[in-house]
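Here is the structure we will look at, set down as structure tokens.
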Amino acid sequence: MDPARIERLLKDVATGKIAVAEALDGLRQLPFESLGHSMIDHHRQLRTGVPEVIYGESKTAEQIAEIAQRITARKTALLATRVDAEKARLTCERLPDVTYDAVSRTLRWLPPSRKKPQGLVCVVTAGTSDIPVAEEAAMTLEIMNANLERVYDVGVAGVHRLLDRLPLLQKARAIVVAAGMEGALASIVGGMVPAPVVALPTSVGYGASFKGVAALLGMLTSCAPGVAVVNIDNGFGAGVMAGLINRRGR
């Protein structure tokens, strides 16, 4: 449940606009809701600042659609990750306002009453092939109301492209750097900016990159301070981390 919605509910009780019994009904399923196959944590956003997010890869289309219906019914932001186009179709048919992004493989809905985006987070990629994972981070940041800037295809093979965007990067509160191959871009960015860098290794690369393991190890052994690393292709985790940093302000 959105904290702003609870605040409105309490104010309505205080002013007599609604009865206590009616408010109680609105709060009755606040902690969680059981659907049999899933337990939706409606309390997550109030508790952590991050709404309940659906991991769709191993769920059926029916399960995803039912969970999405219950979340949006409460006017809470919806994000479902790792959803292919075939699974997404059912949710979009039942909830026409929900949008599907094929690049990031996400379903998303933002409530009309959401707050204005705040701060600044940059999502950076080494190459175009890293964009799908970076976009999962970007979609996550958007549901967390982060003011977002994308800086794509600025990898170390042409570092002058990165330097051209340095004035923007130096203004950010947090930066997500998505890179495959050897993962060097996170270290370069980390050595040039005053903000925390969330390094996001991707599974992009040839044989010895071991589907992202080389990038992961390179980022973990970065000599630049202020670089933290999430798991391979975990755009959602990187987005949440950067979004939480952004919320803490300067």
Could you report the tightest heavy-atom contact between [X] and [Y], atom names first, then the distance?
| X | Y | result |
| --- | --- | --- |
| Pro201 | Val229 | CD-CG1, 4.0 Å |
| Ala242 | Val176 | CB-CG2, 3.6 Å |
| Tyr100 | Ala88 | CD1-CB, 3.4 Å |
| Met144 | Leu244 | CE-N, 3.7 Å |
| Ser187 | Ala224 | O-CB, 3.4 Å |
| Ile71 | Ala77 | CG2-O, 3.8 Å |

If you measure from [atom1] on [X] to [atom2] on [Y], what distance do you get to the nearest 0.5 Å?
| X | Y | atom1 | atom2 | result |
| --- | --- | --- | --- | --- |
| Leu120 | Asn147 | CG | CG | 5.5 Å |
| Asp101 | Thr106 | CG | OG1 | 4.5 Å |
| Ile131 | Ser104 | CD1 | OG | 11.5 Å |
| Leu110 | Met139 | CG | CE | 9.5 Å |
| Tyr152 | Glu135 | OH | CD | 3.5 Å |
| Ile232 | Lys211 | CD1 | NZ | 10.5 Å |

If we only count heavy atoms from C-beta on, is the [X] to [Y] side-chain gap below 4.5 Å?
| X | Y | value |
| --- | --- | --- |
| Leu78 | Ile54 | yes |
| Thr202 | Val204 | yes |
| Met192 | Leu169 | no |
| Val123 | Leu148 | yes |
| Arg105 | Glu57 | yes |

Expected output: side-chain [X] to main-chain [Y] donor-acceptor under 3.5 Å:
| X | Y | answer |
| --- | --- | --- |
| Tyr55 | Thr81 | no |
| Ser209 | Gly212 | no |
| Lys87 | Lys59 | yes |

According to a hydrophobic-cluster definition based on side-chain heavy atoms being under 4.5 Å apart (Ile, Leu, Val, Met, Phe, Trp, Tyr only), do [X] and [Y] belong together?
| X | Y | answer |
| --- | --- | --- |
| Met241 | Leu141 | yes |
| Phe236 | Val177 | no |
| Leu168 | Val159 | yes |
| Phe210 | Met181 | no |
| Val197 | Leu162 | yes |

Any donor-acceptor N or O pair under 3.5 Å, side chains Ser203, Asp233: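 A donor-acceptor contact under 3.5 Å links the two side chains.
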Stepwise side chain to side chain contact (heavy atoms under 4.5 Å, CB included) test for Asn231 and Leu200: CA-CA 7 Å; Asn231 209 345; Leu200 171 55; over 6 Å; no
Criterion side-chain contact (heavy atoms from CB on, under 4.5 Å) against Ile175, the qualifying member of Val193, Val151, Val121: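 Output: one option passes, namely Val193.
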CA sep, side-chain torsions, deciding dist, call: Leu185, Val124, side chain to side chain contact (heavy atoms under 4.5 Å, CB included): CA-CA 9 Å; Leu185 184 61; Val124 182; 3.9 Å; yes
Check this for me, if you would: do [X] and [Y] make a salt bridge, where the nitrogen-to-carboxylate-oxygen distance has to be below 4.0 angstrom?
| X | Y | answer |
| --- | --- | --- |
| Arg82 | Glu136 | yes |
| Arg161 | Asp153 | yes |
| Arg94 | Glu62 | yes |

With sequence neighbours excluded, residues passing salt bridge (charged side-chain N to carboxylate O under 4.0 Å, His left out) with Glu142: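 Salt bridge (charged side-chain N to carboxylate O under 4.0 Å, His left out) check on Glu142 returns Arg108, Arg150.
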Distance-only criterion, 3.5 Å: show the donor-acceptor pairs between side-chain atoms of residues 213-221 and protein atoms not counting sequence neighbours.
residue : atom : partner : partner atom : Å
Thr221  : OG1  : Leu217  : O            : 2.8
Thr221  : OG1  : Gly218  : O            : 3.3

Verdict with supporting geometry, Ile64 and Leu90, side chain to side chain contact (heavy atoms under 4.5 Å, CB included): CA-CA 9 Å; Ile64 294 168; Leu90 180 61; over 6 Å; no
